[in-house]
Each structure stands twice: as C-alpha cells, then as structure tokens.
> 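There's a structure below that I have some questions on.
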Amino acid sequence: MREVFHQSLDEVQSRLVEISELVADAIDKATQAFAGSDVTLADEVITNDRRIDELAVALDELAIEILARQQPVARDLRTVVTALRVSASLERMGDMAEHIAQLARYRFPERAIPKGLKTTFTKMGELDVDIARKLTELLRTQDIRLADVIRNDDDLVDELHATVFEKVLSENWKGEAGATVDATLASRYHERFADHAVSVAKKVVYLATGDWAADTDAVTVAE
C-alpha cells in the first residue's frame with residue numbers, strides 16, 4: 001500500500017513538471033507571436049491553453065483523491081497540498097501567456113508592440129521565458145537555489161514593467177489609444193506571469209524545508 005502511495009506522490013510531481021513545461025512553451029511562443037505578429041504561433045498558444053487547464057484539473061483530482069484515500073501527514077501532506085496550490089498558479093501562468101498571444105492575434109496583421117517599446121518587451125519576454133524554464137527545473141529537482149534566481153529575475157521584470165508605464169504616461173508618448181492599451185496590458189501580463197512563478201517558487205521552498213521564510217542560500221533540505 002505504501003509503495004502505491006509513493007508512486008502516486010511521484011506522479012503528482014511528474015504532472016506538475018509536465019504542466020510547467022507546457023507553460024514554458026506557451027510563454028515562449030506567445031512572446032514570439034507578440035514580437036513578430038505571428039498569428040500561427042498565437043493561435044497555437046490560445047488552443048494549447050485548454051490542455052494546460054485540463055492537466056491542472058486532472059492533477060487537482062488526483063491530489064484530492066490522495067488526501068481522501070491515504071490521509072497523508074508531515075512532508076507527504078505538504079506535497080499534496082502544495083501541488084494543489086502550485087497547479088493553480090501554473091494554470092494562471094498559462095492564462096497570462098494566452099492573453100499575450102491574444103493581443104498579437106487581435107492586432108494582426110499590425111504589430112502589437114508599440115513603437116519605442118520593442119527593446120523593453122523583447123527583454124521582458126526573454127526574462128519570462130527564462131523564469132519559466134528555471135521554474136520547471138525547480139519543480140523537477142527541488143533545487144531551491146533556483147528560487148532566488150527566479151525572484152531576482154522577477155525584480156528585473158518589475159523594473160521593465162515600471163518603465164513601460166513611465167513611457168506611456170510621459171508627455172513624449174505619441175502612441176494612439178490602441179497602442180497604449182496594448183502596451184499596458186502586455187506589460188501587466190508579463191509582470192503577473194513572473195509574479196505567479198515567484199509564488200510557485202516560494203511554495204516549492206516550503207515543500208522542501210517546511211519553512212515559508214527559509215533562507216535558500218543556507219538551508220538543509222528537510223526529508
């Protein structure tokens with residue numbers, strides 16, 4: 001019985017990694033679509049978001065079944081409860097990628113990135129993709145040192161997000177209303193994507209240490 005139980009816990013982790021991989025692929029393609037007005041990639045992201053949603057629901061059902069049947073305690077209980085919360089954040093990250101792709105889709109054949117902000121959004125997109133890849137590795141390995149890297153990258157995204165708002169609110173901004181809306185929405189989606197990643201990273205640190213305020217530079221992983 002215990003062997004079956006631990007196989008179920010392993011499956012929970014593998015499903016989280018699978019969802020995270022799909023999310024990373026989604027934000028990668030969404031940022032490419034947004035930068036290059038690639039409607040094919042945008043449609044792919046929009047369509048594939050349903051798969052992320054389905055996998056998140058299936059994972060939640062598995063976690064609830066484990067809670068009901070196995071009544072886990074200690075670290076095992078943390079694993080299941082954390083999985084429920086992480087799946088919700090990953091699903092929202094998929095939604096943020098879908099929203100970025102939708103902006104590209106709506107503006108096609110015009111470019112969605114307003115003039116003067118291409119470099120900013122390119123960098124923001126690169127950071128979000130890198131954050132997503134690191135998050136997948138964190139979920140796979142529980143190497144909690146990656147959590148600090150993700151948080152640092154999120155700070156950079158926040159700085160770029162602030163730059164976008166400063167740009168569109170400045171007297172020198174010449175963008176039309178549509179361009180202003182696109183810029184503020186896209187920036188917000190990128191910023192929220194990274195925020196959700198940080199939330200997941202914190203939960204993984206908690207899973208590994210049992211401590212919400214653990215110092216990831218000097219910590220012994222709890223067994």
Side-chain angles (χ1 to χ4, degrees), residues 1-29 45 48-98 128-154 192-223:
M1 180 65 72
R2 294 299 297 175
E3 182 178 352
V4 173
F5 173 50
H6 285 291
Q7 287 175 351
S8 296
L9 292 180
D10 289 342
E11 185 176 354
V12 166
Q13 181 182 7
S14 66
R15 289 194 187 189
L16 284 175
V17 171
E18 180 184 7
I19 296 170
S20 185
E21 287 174 338
L22 290 175
V23 168
D25 186 59
I27 192 64
D28 188 9
K29 291 177 178 176
V45 173
N48 289 346
D49 185 61
R50 299 191 194 104
R51 178 59 177 163
I52 294 173
D53 294 344
E54 291 169 356
L55 289 174
V57 170
L59 175 57
D60 290 350
E61 290 174 348
L62 173 61
I64 291 170
E65 181 181 353
I66 292 173
L67 288 172
R69 292 178 178 273
Q70 304 295 337
Q71 298 180 347
V73 296
R75 180 183 168 88
D76 292 339
L77 178 60
R78 292 205 307 270
T79 297
V80 179
V81 173
T82 299
L84 284 167
R85 301 180 68 183
V86 167
S87 68
S89 291
L90 290 174
E91 188 271 335
R92 290 300 295 149
M93 290 172 72
D95 288 344
M96 294 302 106
E98 181 189 18
D128 270 356
V129 172
D130 196 39
I131 285 171
R133 303 294 185 201
K134 288 187 175 77
L135 187 63
T136 300
E137 186 64 16
L138 174 60
L139 288 167
R140 179 183 291 113
T141 65
Q142 292 190 14
D143 180 355
I144 61 176
R145 291 172 296 183
L146 289 168
D148 278 337
V149 180
I150 291 169
R151 281 197 294 267
N152 290 338
D153 286 348
D154 173 61
R192 290 302 297 149
F193 183 94
D195 282 351
H196 281 294
V198 170
S199 177
V200 172
K202 288 180 179 178
K203 292 177 177 66
V204 175
V205 171
Y206 168 70
L207 174 60
T209 66
D211 183 2
W212 280 113
D215 180 357
T216 55
D217 289 327
V219 69
T220 300
V221 177
E223 295 297 334

> With sequence neighbours left out, what residues match Leu22 under side-chain contact (heavy atoms from CB on, under 4.5 Å)?
Arg51, Ile52, Leu55
> Using side-chain contact (heavy atoms from CB on, under 4.5 Å) as the criterion, list what pairs up with Asp195, not counting sequence neighbours.
Asp154, Asp158, Glu191, Arg192
> Quick one: salt bridge (Lys or Arg N to Asp or Glu O under 4.0 Å) partners of Glu137, sequence neighbours excluded?
Arg140
> State which residues pass side chain to side chain donor-acceptor pair (under 3.5 Å) with Ser89; sequence neighbours excluded, sorted by chain then number.
none
> Just to verify, what does Asp143 make a salt bridge (Lys or Arg N to Asp or Glu O under 4.0 Å) with, not counting sequence neighbours?
Arg145
> Rounded at 0.5 Å granularity, tell me how far CD in Glu11 sits from CG in Leu16.
11.0 Å
> What closest approach, in Å, do Ser20 and Thr136 show between heavy atoms, and which atom pair accounts for it?
OG-OG1, 2.7 Å
> For the NZ atom of Lys134 and the CZ atom of Arg151, what is their distance to the nearest 0.5 Å?
13.5 Å
> Over all heavy atoms of both residues, which pair between Ala56 and Glu91 is shortest? Give the atoms and the distance, please.
CB-CB, 4.2 Å
> Please find the pair of heavy atoms, one from Thr82 and one from Arg78, that lie closest to each other, and give the distance.
OG1-O, 2.6 Å
> How long is the span from the CG atom in Leu9 to the CG atom in Leu62, to the nearest 0.5 Å?
9.0 Å
> Give the C-alpha distance, both sets of side-chain angles, the deciding distance and a yes or no for side-chain contact (heavy atoms from CB on, under 4.5 Å) between Lys202 and Val205.
CA-CA 5 Å; Lys202 288 180 179 178; Val205 171; 5.7 Å; no
> With sequence neighbours excluded, what pairs up with Glu65 under the side-chain contact (heavy atoms from CB on, under 4.5 Å) test?
Arg69
> In Å and rounded to the nearest 0.5 Å, what is the CD1 to CG distance from Ile131 to Asn152?
10.0 Å
> Do Val198 and Asp153 have side chains that get closer than 4.5 Å, going by heavy atoms?
no
> Using side-chain contact (heavy atoms from CB on, under 4.5 Å) as the criterion, list what pairs up with Val204, not counting sequence neighbours.
Leu138, Leu139, Gln142, Val200
> Return the NE2 to CZ distance between His196 and Arg92, rounded to the nearest 0.5 Å.
5.0 Å
> Got a sec, which residues hit side chain to side chain donor-acceptor pair (under 3.5 Å) with Asn48, two or more places apart in sequence or on another chain?
none
> With a 4.5 Å heavy-atom cut-off, do Ile19 and Val86 have their side chains touching?
no
> Mind checking side chain to side chain donor-acceptor pair (under 3.5 Å) for Arg133 and listing every partner two or more places apart, or none if nothing turns up?
Asp28
> Can you tell me how far CG of Leu77 sits from CD of Gln71, rounded to the nearest 0.5 angstrom?
10.5 Å
> How would you list, by chain and number, every residue that makes a side chain to side chain donor-acceptor pair (under 3.5 Å) with Asp60, sequence neighbours excluded?
Ser87
> Do the non-hydrogen side-chain atoms of Val12 and Val80 ever get within less than 4.5 Å of each other?
no
> Listed by chain and number, what are the salt bridge (Lys or Arg N to Asp or Glu O under 4.0 Å) partners of Asp49, not counting sequence neighbours?
none
> Looking at side-chain heavy atoms only, is the closest gap between Leu135 and Met93 below 4.5 Å?
yes
